[in-house]
2 protein chains.
Amino acid sequence: MGSSRRRGSELEQAILRAAVEELTESGYVGLTMDGVATRAGTNKNAIYRRWPSRATLALAAYRELIGADREPPDTGTLRGDVLELLRGANNHLSAPAVSGIVLGLLAAAADDPDLMAQLRDSIIDAGSGLWLTVLGRAVTRGEISEKALKPRVATVAIALLRNEYVTRGTSSVPDDILIEIIDDVYLPLLRSPR
Amino acid sequence: MGSSRRRGSELEQAILRAAVEELTESGYVGLTMDGVATRAGTNKNAIYRRWPSRATLALAAYRELIGADREPPDTGTLRGDVLELLRGANNHLSAPAVSGIVLGLLAAAADDPDLMAQLRDSIIDAGSGLWLTVLGRAVTRGEISEKALKPRVATVAIALLRNEYVTRGTSSVPDDILIEIIDDVYLPLLRSPR
DNA sequence: GAGATAGGGTACGTCGAGTACCTTAATCGT
DNA sequence: ACGATTAAGGTACTCGACGTACCCTATCTC
């Protein structure tokens, strides 16, 4: 009794959990293969048998960390909805060290097109459906033109938030900046003629 | 004859030049202290006597790489001016490996507030004066409201371009995307009432 | 129960950051 | 002009971390 050895997906999950913990505690730079192995109670062999490099493991852990999808808010007004969406994204990005993680991953994936493509999908498409839902309702209410559904336009708010993280590097964007983005840029843009 | 040993700023410039070359050839990840030392024909001591870490050296080299300021364009129309500015920024960011360099620096500076502040200044404020000049002229022409001079609004185009680099990770953003940013987002926003 | 499969343990090779220490050239003060 | 001080050159080292190799052992399958 006792000497049970984990195999397959059970071990895989344990490794991923350990990687997520390392990631949230110390960011991408602090995620080491030895560290994950130790924390998962295994060794590097088991990791390298599943992920070819530190970067791919970190990406897998990041996707795990992102976790479950949210539901589109429905506050009754367009402004309330988009503000709620932006706050949600901000909460997500400001979690322990997400912005640092993403930056690290981006830098690591810079010279690996395949990895970059996967990362792109994980970052960009996260929650883009929510925005389209909210904007779509506003269009059918006649509140804004359907031009607003163009991806380039619809994603402006989240792009500006992302930019805020990149350039400011703060751990959380204050609420009044979110409001500024919505009231000074996003809503005027959505409501602009043609 | 022959055995002249460089000192002071002469050596410093040689090191910086070497660092810039390493940076443009292999990005931030590829910049090694030994590499820079060898390329500059010196050794790591001389580098560490001037910059305390690889990250600070890379930042200094990046500033060197950015180089000279440009002049504001004057095409006669607001659209022509901002398009020209955006193309200029795109050319700059698409140079050899600038976007990778910036990402690497950002990731490295994530846990060093001081470095992050310097980097921020180098990235963000680069050329922000140009935009204000161009927008200011359009305001005095009565073409747009002075609300457009609010930083949050004025920087939207460059923020979206930056976002394009972060999320797409391409080495150069195609011109039709620049036009889309201008025509679908930036100009409608600048011209929107209140 | 024999053989294939996969995890565990451990020891490497390699590379790069940063440090230490000594030798040697250039500059400066007198 | 010449000794003292400053800074560059050379080299070797520690340390941490990625990635690999090899061999042992538990578990699953036929």
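Per chain, numbering begins at 1; letters A, B, ... match sequence-line order.
Within the nucleic acid shown, Leu57(B) has no heavy atom closer than 4.0 Å to any nucleic acid atom. Using a 4.0 Å heavy-atom criterion, one finds that Gly35(B) contacts no nucleic acid atom at all. Across all strands, Arg6(A) comes closer than 4.0 Å only to sugar-phosphate atoms, never to a base (heavy-atom distances).
Rounded to an integer number of Å, the gap from CG of Asp34(B) to C1' of dC15(C) is 9 Å. Atom CD1 in Ile47(A) sits roughly 13 Å away from atom C1' in dA17(D) (whole-Å rounding). Remark: C1' of dT27(D) and CD of Glu10(A) are 12 Å apart, rounded to the nearest angstrom. Nucleotide dG18(C) holds its C1' atom 16 Å from the CH2 atom of Trp51(B), rounded to whole Å. Spacing between atom OH of Tyr48(A) and atom P of dC22(D) amounts to 17 Å, rounded to whole angstrom units. The distance between atom CZ of Arg50(A) and atom C1' of dA6(C), rounded to the nearest whole Å, is 8 Å.
Counting heavy atoms from C-beta outward, Val102(A) and Tyr28(A) have side chains that stay 4.5 Å or more apart. With contacts defined as side-chain heavy-atom distances shorter than 4.5 Å, the pair Asp81(A)/Pro72(A) does not qualify.
When distances run from any side-chain atom of Met33(B) to the nucleotides dA8(D), dA17(C), dA6(C), the shortest one goes to dA17(C). The side chain of Asn43(A) lies closest to dG9(C), out of dG18(C), dG7(C), dG9(C). In this structure, of dG16(C), dT10(C), dG7(C), it is dT10(C) that holds the atom nearest to the side chain of Asn45(A). Nearest to the side chain of Thr42(A), among dG8(C), dA7(D), dT19(C), sits dG8(C). Residue Arg5(B) has its side chain nearest to dA8(D) when only dA8(D), dG19(D), dT19(C) are considered.
Two residues, Ser53(B) and Arg49(B), neighbour DNA chain C, and the one matched to the more 5' nucleotide by heavy-atom proximity is Ser53(B). Each of Leu11(B) and Lys44(B) was assigned the nucleotide of DNA chain D with the nearest heavy atom; the assignment lying further toward the 5' end belongs to Leu11(B).
One cannot find a donor-acceptor pair under 3.5 Å joining the base of dA17(C) and the side-chain atoms of Arg54(B).
The hydrophobic cluster containing Val166(B) does not contain Val29(B), counting ILVMFWY residues as joined when their side-chain heavy atoms lie under 4.5 angstrom apart, directly or transitively.
A side chain to side chain contact (heavy atoms under 4.5 Å, CB included) with Glu164(B) is found for exactly one of Val173(B), Leu93(B), Leu178(B), namely Val173(B).
No more than 12 heavy atoms of other residues, nucleotides or ligands lie within 6.0 Å of CD in Glu146(A), so this atom counts as exposed by the packing criterion.
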